[in-house]
Every structure is written in structure tokens, then in C-alpha cells.
Amino acid sequence: MLRYRAEFDAEVTFADGGDLNARRFQVDVPHADVTEAEITARLVDLLAPRPVERARLSGVRVFGEPHVPHQRPISRTRFVELSHVIRDGLTTCPGLPAPQLRQHLTRSESRDRYAPGTEFVIDRITMVGNTGTYVDSPFHRYPDGTDLAGLPLERLAEVPAVVVHAIGGPRGVTAETLAGVDVAGRAVLLHTGGDRHWATKEYVTDAPYLTREGAQDLVDRGAAVVGIDAVNIDDIAAPARGERPAHSLLLAAGIPIVEHLTNLAVLPVHGARFTAVPPRIAGFGSFPVRAYATVPAEEPHDRAHSAGWQPGGHA
């Protein structure tokens, strides 16, 4: 499809004083048969609100050129991996079976089924839902709760995130720790540093967790989803081993929980968006996710600007 433009020289006198001389000026026009009067009117419109007293055009040429739709600029975004890798024999939670990765159909077996030179592998995995980095739906805790298939995407995809740095304090993340943090409608990511012990026996020893009061605070203030980089969002150490107040409160309020996150240290406190979406499995409470965050990329000139740099000056 063509768009049409007019090119011309112009001499313009303004009613409030001053004049303008332009060479090879171009304006968009509606069709190839546009008149010089219509082109002049288009020029006057473009010069508004300056009042034009007289406009004279010369060397008018109308031409067509291919119309290229306007493309939105590519956004500068980087992705941050927040999931652990699932491997054969991986221990996620002590006492739960490790995943078994096998081949249902090997490449050599597939060669008899396809044309020469064509082969495939079909993999099989046997595991519990609580493997690797996973999401808990309300069905994990409550028989009438929402299962994986019913989790709304807006709770788990591109959710504005806030990172709560809770390293160096008590093991339990409290309501006091969360005070002043805007959690409404956000993915609240608890950075405890517990992931540094991933896949070791220390991972479950004195592990960080979210306290009952902290969980209630997140429920009361409308968090969308809550994640933690530790073995459990509840305290699994004695004497609280069997209690699960954080799970109970959050999942009763329809707030999904993502456990066993990693790499939260590299995220900004604000500005990231969090995604941790499981497959749509009915009648299932927990399942691994590929959790990640999108963060606006920072270019060198962004850092210079934020540091107060100005051309010809010093920060």
C-alpha cells in the first residue's frame, strides 16, 4: 500500500510578524491528485497556532512511497532465572522420592518408525509434584481449594514483584520485617539466602521461614503470590515440625506459594515482574514451575544519568 507525500519550496509570512522560507519541505497528503490549495491548507495546519497571513508554494511534487507501519520500539528487558534445575535423583525435600528420568522411546528405537535419517526421543519422568522449584495451589492444603488448573494467570504471570531482603535477621520473616513494604497485588519474594545450601544437608537445618504473623499480614494486605528461597515457607524444625500456619493462611486466602526459589539477590527491590506458571493439571495441588523475573535492562547511559552526570560536567 502506498502513502502519498507532497514536496515543495515555501515562502510563509505570519500575521503576528516574521516569515519562513523552506526548501524541499514535505507533508503527507491524502491522494495523488491533491491540489496545490489543499497542500497549502495542510501546511497552514501544521504551522498552527502561528497565524499565517500568506503562503506561497513553488516546485510542488506529489509522489507515492510504500507505507511502513509504525513499529513499537523494542523494550530493553533482561530475564533473571529463579528456578533450580531438576535432575535425575535430585532431592528437593528430605523424605520425598527423588525424580526418575527415563526414556519411553529411545532414538535408536524410533528409527524403525520414521523415514531414514529421522529420529526422536520421548522422555518420561516419575516424580512428586513437590520437586525442584514448585508452586502450591490451595488444593495442596484444602480438598475444596483451587487446583493447578484453576489458578488464574494474573496471580502467577508478569506479576509486579517486591523483594524483601531478610538475611541477617531472625530465621522467621515477621510482620515487622514486612512493615512498610507495599505488598498489595504484588509477588512478595522473600530473600532469605537459604538457597545457598540447596541440595545439601544444611538446606533443612535451621531453615528460614515465614511466621504466622507475617503470613497473616500478607493476607490482610492482599499479596498476589508469595515466594521464598528456602526449603519451606513454614518452620519445619522441632518443635514446630507439624505446624503449617503460613501454608494454611495463605492458601486459604487463595494466595499461591512458590517454594525453593533461587537467585533473588540479583533482583531489585522494586521494578521486576515475576512469573511462575505450572501446567493446567486438574485435581493436583503442587507442580514444578520455571520461575523467572523480567527486569528493565540498564544501559551505561542510564547509570551515568542516575549518578547525576551531565555533558561537560562531573557527577
Side-chain angles (χ1 to χ4, degrees), residues 80 82-84 92-94 130 133-138 140-142 145 155-156 159-198 200-274 276 286 289 291 293:
V80 179
L82 303 178
S83 295
H84 292 288
T92 300
C93 300
N130 300 60
T133 303
Y134 57 80
V135 62
D136 288 336
S137 69
H140 175 55
R141 172 67 176 80
Y142 300 102
R155 287 272 184 173
L156 295 168
V159 184
V162 59
V163 179
V164 179
H165 295 294
I167 296 179
R171 284 199 306 123
V173 178
T174 65
E176 183 178 359
T177 308
L178 299 166
V181 179
D182 183 7
V183 303
R186 298 181 181 274
V188 182
L189 308 180
L190 306 179
H191 173 220
T192 69
D195 58 328
R196 68 185 182 276
H197 298 304
W198 169 254
T200 70
K201 63 181 181 180
E202 287 80 15
Y203 191 51
V204 297
T205 303
D206 294 329
Y209 65 97
L210 177 65
T211 65
R212 179 190 300 271
E213 294 75 20
Q216 186 63 60
D217 181 60
L218 293 178
V219 169
D220 293 342
R221 295 199 285 140
V225 56
V226 180
I228 192 169
D229 58 356
V231 66
N232 202 295
I233 203 165
D234 276 297
D235 187 4
I236 61 173
R241 189 183 306 276
E243 298 181 8
R244 295 292 186 270
H247 275 90
S248 299
L249 290 167
L250 293 172
L251 296 179
I255 302 173
I257 299 167
V258 183
E259 294 174 311
H260 308 281
L261 289 167
T262 189
N263 214 24
L264 294 180
V266 305
L267 294 182
V269 173
H270 304 285
R273 287 185 173 270
F274 177 71
S286 305
V289 293

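This one's a predicted model, so the numbers in the text were calculated from it and none came from an experiment.
Annotation: side chain to side chain contact (heavy atoms under 4.5 Å, CB included) contacts of Ala265 (sequence neighbours excluded): His191. Taking the side chain to side chain contact (heavy atoms under 4.5 Å, CB included) definition, one finds that Glu202 meets it with His197, Thr200, sequence neighbours left out. Every residue meeting the side chain to side chain contact (heavy atoms under 4.5 Å, CB included) condition with Pro138, not counting sequence neighbours, appears here in chain and number order: Thr146, Leu151, Leu251. When the side chain to side chain donor-acceptor pair (under 3.5 Å) test is applied to Asn232, no partner is found at least two apart in sequence or on another chain. By the side chain to side chain contact (heavy atoms under 4.5 Å, CB included) test, Val204 pairs with Pro94, Val231, Ile236, sequence neighbours left out. When the side chain to side chain donor-acceptor pair (under 3.5 Å) test is applied to Asp206, no partner is found at least two apart in sequence or on another chain. For Glu243, the side chain to side chain donor-acceptor pair (under 3.5 Å) test picks out no residue, with sequence neighbours left out. Here Arg196 pairs with nothing under the salt bridge (charged side-chain N to carboxylate O under 4.0 Å, His left out) rule; sequence neighbours left out. Residues that satisfy the side chain to side chain donor-acceptor pair (under 3.5 Å) test with His140, not counting sequence neighbours, are Ser286.
Closest non-hydrogen pair, Pro160 versus Gly185, comes out as CD-O, 4.3 Å. In terms of heavy atoms, Asp217 sits closest to Ala175 at CB-CB, 4.0 Å. Considering all non-hydrogen atoms of both residues, Ser83 and Ala291 come closest at OG-N, 2.5 Å. Scanning both residues, Thr192 and Ala230, for their nearest heavy atoms gives OG1-CB, 4.0 Å.
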Arg155 and Ile255: side-chain contact (heavy atoms from CB on, under 4.5 Å), yes or no, with the steps?
CA-CA 8 Å; Arg155 287 272 184 173; Ile255 302 173; 3.8 Å; yes
Starting from the C-alpha separation in whole Å, work towards a yes-or-no answer on side-chain contact (heavy atoms from CB on, under 4.5 Å) for Asp136 and Asn130.
CA-CA 8 Å; Asp136 288 336; Asn130 300 60; 3.9 Å; yes
Checking Phe274 against Leu82 for the side-chain contact (heavy atoms from CB on, under 4.5 Å) test, could you report, in this order, the C-alpha distance in whole Å, the side-chain angles of both residues, the deciding distance, and whether it holds?
CA-CA 9 Å; Phe274 177 71; Leu82 303 178; 3.7 Å; yes
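Distance alone, capped at 3.5 Å, places no donor-acceptor pair between the Thr133 side chain and the Val289 backbone.
Exactly one of Val258, Ile257, Thr92 qualifies for a side-chain contact (heavy atoms from CB on, under 4.5 Å) with Tyr134. That residue is Thr92. For the side-chain contact (heavy atoms from CB on, under 4.5 Å) with Leu190, the qualifying choice from Leu178, Thr177, Leu264, Val163 is Leu178, the only one to do so.
Taking SG of Cys93 as the start and OH of Tyr203 as the end, the distance is 7.5 Å to the nearest 0.5 Å. Ile233 contributes atom CD1, which lies 8.0 Å from atom CG of Leu218 (distance to the nearest 0.5 angstrom). In this structure, the separation between CG on Asp229 and NE2 on His84 is 7.5 Å, given to the nearest 0.5 Å.
Val181 has its side chain out of reach of Val188: every pair of non-hydrogen atoms, C-beta onward, lies at least 4.5 Å apart.
The list of side chain to side chain donor-acceptor pair (under 3.5 Å) pairs with a residue in residues 262-273, not counting sequence neighbours, reads Asp195-Thr262. Within the structure, the salt bridge (charged side-chain N to carboxylate O under 4.0 Å, His left out) test picks out the following pairs touching residues 164-190 (sequence neighbours left out): Arg171-Asp235, Asp182-Arg186.
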Could you list the donor-acceptor pairs under 3.5 angstrom formed by side chains in residues 207-214, with sequence neighbours left out?
from, atom 1, to, atom 2, distance (Å)
Thr211, OG1, Val173, O, 3.0
Thr211, OG1, Gly214, N, 3.0

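In this structure, His260 and Trp198 have perpendicular ring planes: the angle between them is above 60°, well past the 30° mark.
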